[in-house]
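From a predicted model like this one, the values you see are computed outputs, not experimental measurements. Numbering starts at 1 and runs along the sequence shown.
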Amino acid sequence: MMPRYFFDFADAGARYDTEGTVLPDIQAAKAEAAKVLAEVARDRARDGIYRELVVTVRGENGETLLQVIVRFEIVTVPASSAPPAGPD
């Protein structure tokens with residue numbers, strides 16, 4: 001029987017996975033967490049200047065197995081400091 005992994009998401013608040021996902025192993029859980037977090041980060045990048053997004057993967061007994069963390073910041077550079085535009 002394959003193990004069940006729980007993917008908890010934290011941004012401004014926390015959302016806990018109560019159903020879990022059955023996957024073959026921790027490597028598959030790591031790949032799933034990274035994929036989901038990349039999708040969420042893409043969507044959230046539009047509405048903020050700084051974000052830290054975290055997916056915590058828990059095992060069937062509630063133990064934390066790993067975390068995938070994405071941090072990004074959008075910084076506006078004044079025109080006088082911007083590098084010259086390259087050829088198109």
**Student:** With heavy-atom distances below 4.5 Å as the criterion, would you say the side chains of Met2 and Leu23 are in contact?
**Tutor:**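 The answer is no; the side chains never approach within 4.5 Å.
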**Student:** Contact between Val36 and Phe7 at the side-chain level, heavy atoms closer than 4.5 Å - yes or no?
**Tutor:**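 No, their side chains stay 4.5 Å or more apart.
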**Student:** Tell me the closest heavy-atom pair linking Pro24 and Pro3, and the distance in Å.
**Tutor:**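 Scanning both residues, the minimum pair turns out to be O-CD, 3.8 Å.
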**Student:** What pair of heavy atoms forms the shortest contact from Val55 to Ala33, and how long is it?
**Tutor:**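 Result for this residue pair: CG1-CB, 3.9 Å.
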**Student:** Other members of the hydrophobic cluster containing Val54, with the 4.5 Å side-chain heavy-atom rule, please.
**Tutor:**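 Val54 shares its hydrophobic cluster with Ile69.
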**Student:** What pairs of donor and acceptor atoms, side-chain ones from residues 60-68 against any protein atom, are under 3.5 angstrom apart with sequence neighbours left out?
**Tutor:**
residue : atom : partner : partner atom : Å
Glu60   : OE2  : Arg4    : N            : 3.0
Glu63   : OE1  : Asn61   : N            : 3.2
Gln67   : NE2  : Thr56   : OG1          : 3.0

**Student:** Partners of Arg71 by salt bridge (Lys or Arg N to Asp or Glu O under 4.0 Å), sequence neighbours excluded?
**Tutor:**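 By the salt bridge (Lys or Arg N to Asp or Glu O under 4.0 Å) rule, Arg71 matches Glu52.
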**Student:** Which pairs, with at least one residue in residues 13-25 and sequence neighbours excluded, count as a side chain to side chain donor-acceptor pair (under 3.5 Å)?
**Tutor:**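 Of all non-adjacent pairs touching residues 13-25, none passes side chain to side chain donor-acceptor pair (under 3.5 Å).
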**Student:** Just by distance, do the side chain of Tyr5 and the backbone of Ile26 share a donor-acceptor pair under 3.5 Å?
**Tutor:**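 Confirmed, Tyr5 side chain pairs with Ile26 backbone.
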**Student:** Evaluate the side chain to side chain contact (heavy atoms under 4.5 Å, CB included) criterion for residues Val57 and Phe6: first the C-alpha distance (whole Å), next the side-chain angles of each, then the deciding distance (0.1 Å), finally the verdict.
**Tutor:** CA-CA 6 Å; Val57 179; Phe6 297 84; over 6 Å; no
**Student:** Specify the closest pair of heavy atoms between Ala41 and Leu53, including all atoms of both residues, with the distance to one decimal.
**Tutor:**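 Heavy atoms of Ala41 and Leu53 come nearest at CA-CD1, 3.4 Å.
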